[in-house]
Chemist: 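The following block contains the structure, expressed as structure tokens.
Values reported hereafter were calculated over all heavy atoms of this structure, with side chains retained and with hydrogens, waters and symmetry mates removed. We number each residue from 1, following the sequence as shown. Owing to the predicted nature of the structure, the values given are computational and were not obtained by experimental measurement.
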Amino acid sequence: MGYNAFGLQESDDADLPVPFPDDFDYDTFLSTHPGRLDITSGGHTHTAAVTVEVWDGPPPEQDPANWDEQAEADFESTSGQVAVWSMSLGRADDVITLADSGGAWQVRVSCAGRAEAAALSDGEGTGTGGRALSRPVLARWILIARNGAGQCPAPPRQLVAPGQVTVFTMKPS
């Protein structure tokens with residue numbers, strides 16, 4: 001994680017009117033542009049683990065007490081694939097597959113560890129704060145995308161098996 005931010009952007013981004021990181025809003029936890037989600041972090045530069053779950057309907061509710069921050073947004077993808085962008089590293093090599101083709105999605109973003117990441121990067125500008133960490137992951141994120149088409153079986157199914165959920169780690173450069 002670099003510069004307190006990362007983004008998720010339509011992988012086929014040639015026609016996006018506002019590509020990452022243009023017009024990034026650092027004062028908002030989750031903000032949107034067409035084909036793009038911008039997410040701010042509590043710490044300037046730190047390691048963050050992000051888990052992505054993809055569902056075909058409303059996922060199980062989560063206890064808000066487990067998270068420092070939560071927000072929801074609508075997202076449209078023309079390809080069904082989303083690229084992860086870092087302010088310091090650019091576009092990640094791997095993509096997140098939402099579906100075999102484009103569609104509308106509702107996304108819930110949750111984060112824990114924002115205060116810890118902020119405290120450790122305060123003054124140092126890094127997630128280590130000049131001392132060894134007892135655990136490598138300072139901020140834990142979960143992004144839950146669900147098909148926004150409104151047509152889903154009952155009960156909703158997780159489209160990616162729990163053992164195969166997309167997990168990626170962003171480390172400072």
Side-chain angles (χ1 to χ4, degrees), residues 1-26 28-55 67 69-114 116-118 120-121 125-128 133 135-147 158-173:
M1 178 82 61
Y3 298 97
N4 296 81
F6 70 100
L8 301 175
Q9 180 170 277
E10 165 62 39
S11 183
D12 184 12
D13 58 9
D15 293 328
L16 292 181
V18 185
F20 187 86
D22 294 355
D23 295 338
F24 195 99
D25 182 357
Y26 287 94
T28 305
F29 172 63
L30 173 64
S31 59
T32 64
H33 296 280
R36 187 175 119 197
L37 300 169
D38 293 345
I39 304 162
T40 59
S41 174
H44 182 276
T45 305
H46 60 94
T47 300
V50 180
T51 302
V52 179
E53 296 179 4
V54 181
W55 292 76
W67 303 101
E69 190 89 39
Q70 284 190 310
E72 294 189 8
D74 293 329
F75 178 79
E76 287 197 36
S77 169
T78 57
S79 69
Q81 294 187 334
V82 180
V84 179
W85 284 78
S86 165
M87 289 291 196
S88 58
L89 302 175
R91 181 183 167 139
D93 292 333
D94 296 328
V95 296
I96 299 164
T97 300
L98 300 176
D100 292 335
S101 62
W105 298 83
Q106 294 172 330
V107 179
R108 179 191 315 143
V109 179
S110 306
C111 179
R114 288 173 63 87
E116 180 184 5
L120 290 174
S121 66
T126 66
T128 60
L133 298 175
R135 61 187 178 116
V137 175
L138 300 179
R140 178 173 55 98
W141 301 80
I142 186 165
L143 291 84
I144 299 176
R146 75 176 178 100
N147 189 314
Q158 188 168 358
L159 297 177
V160 179
Q164 299 172 339
V165 170
T166 303
V167 178
F168 58 93
T169 302
M170 292 183 292
K171 295 183 179 183
S173 58

Chemist: Would you name the heavy atoms of Val109 and Val107 that are closest together and state the gap between them?
Modeler: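 Minimum heavy-atom separation between Val109 and Val107: CG2-CG1, 4.0 Å.
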Chemist: Rounded to the nearest 0.5 Å, how far does CG of Asp25 lie from NE2 of His33?
Modeler: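 Reported value, rounded in 0.5 Å steps: 7.5 Å.
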Chemist: Apply side chain to side chain donor-acceptor pair (under 3.5 Å) to Thr32 and list each qualifying residue two or more places apart in sequence or on a separate chain.
Modeler: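 In terms of side chain to side chain donor-acceptor pair (under 3.5 Å), with neighbours along the sequence ignored, Thr32 is linked to no residue.
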Chemist: So with a 6.0 Å cut-off around CG of Asp94, is the heavy-atom count from everything else above 12?
Modeler: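 Counting other residues, nucleotides and ligands, CG of Asp94 stays at 12 neighbours or fewer.
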Chemist: For Gln70, give me all partners under side chain to side chain contact (heavy atoms under 4.5 Å, CB included), at least two apart in sequence or on another chain.
Modeler: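 Partners of Gln70 by the side chain to side chain contact (heavy atoms under 4.5 Å, CB included) criterion, ordered by chain and then number, come out as Gln62, Pro64, Trp67, Arg108, Ser110.
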Chemist: Can you see which heavy atom on Ser77 is nearest to which on Gly80, and at what distance?
Modeler: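 It is OG-N, 2.7 Å.
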Chemist: With a 4.5 Å limit on heavy-atom distance, are the side chains of Glu10 and Ser79 in contact?
Modeler: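 Answer yes - side chains close enough.
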Chemist: Any side-chain heavy atom of Leu98 sitting closer than 4.5 Å to one from Val82?
Modeler: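 Of all side-chain heavy-atom pairs linking Val82 with Leu98, at least one is under 4.5 Å.
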Chemist: Using side-chain heavy atoms (C-beta onward) and a distance below 4.5 Å, is Arg36 in contact with Trp85?
Modeler: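 Answer no - side chains too far apart.
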Chemist: Without swapping roles, check the side chain of Thr78 against the backbone of Gly102 for a donor-acceptor pair under 3.5 Å.
Modeler: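 No.
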Chemist: Return the OG to CZ distance between Ser41 and Phe29, rounded to the nearest 0.5 Å.
Modeler: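 So the OG of Ser41 and the CZ of Phe29 are separated by 9.0 Å.
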Chemist: Within the 4.5 Å heavy-atom criterion, are Val84 and Leu8 side-chain neighbours or not?
Modeler: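 With C-beta onward as the side chain, the pair touches.
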Chemist: Side-chain donor-acceptor pairs under 3.5 Å in residues 14-23, sequence neighbours left out?
Modeler:
none

Chemist: Atom CD1 of Ile39 and atom CZ of Phe24: how far apart are they, to the nearest 0.5 Å?
Modeler: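 CZ of Phe24 is found 8.0 Å from CD1 of Ile39.
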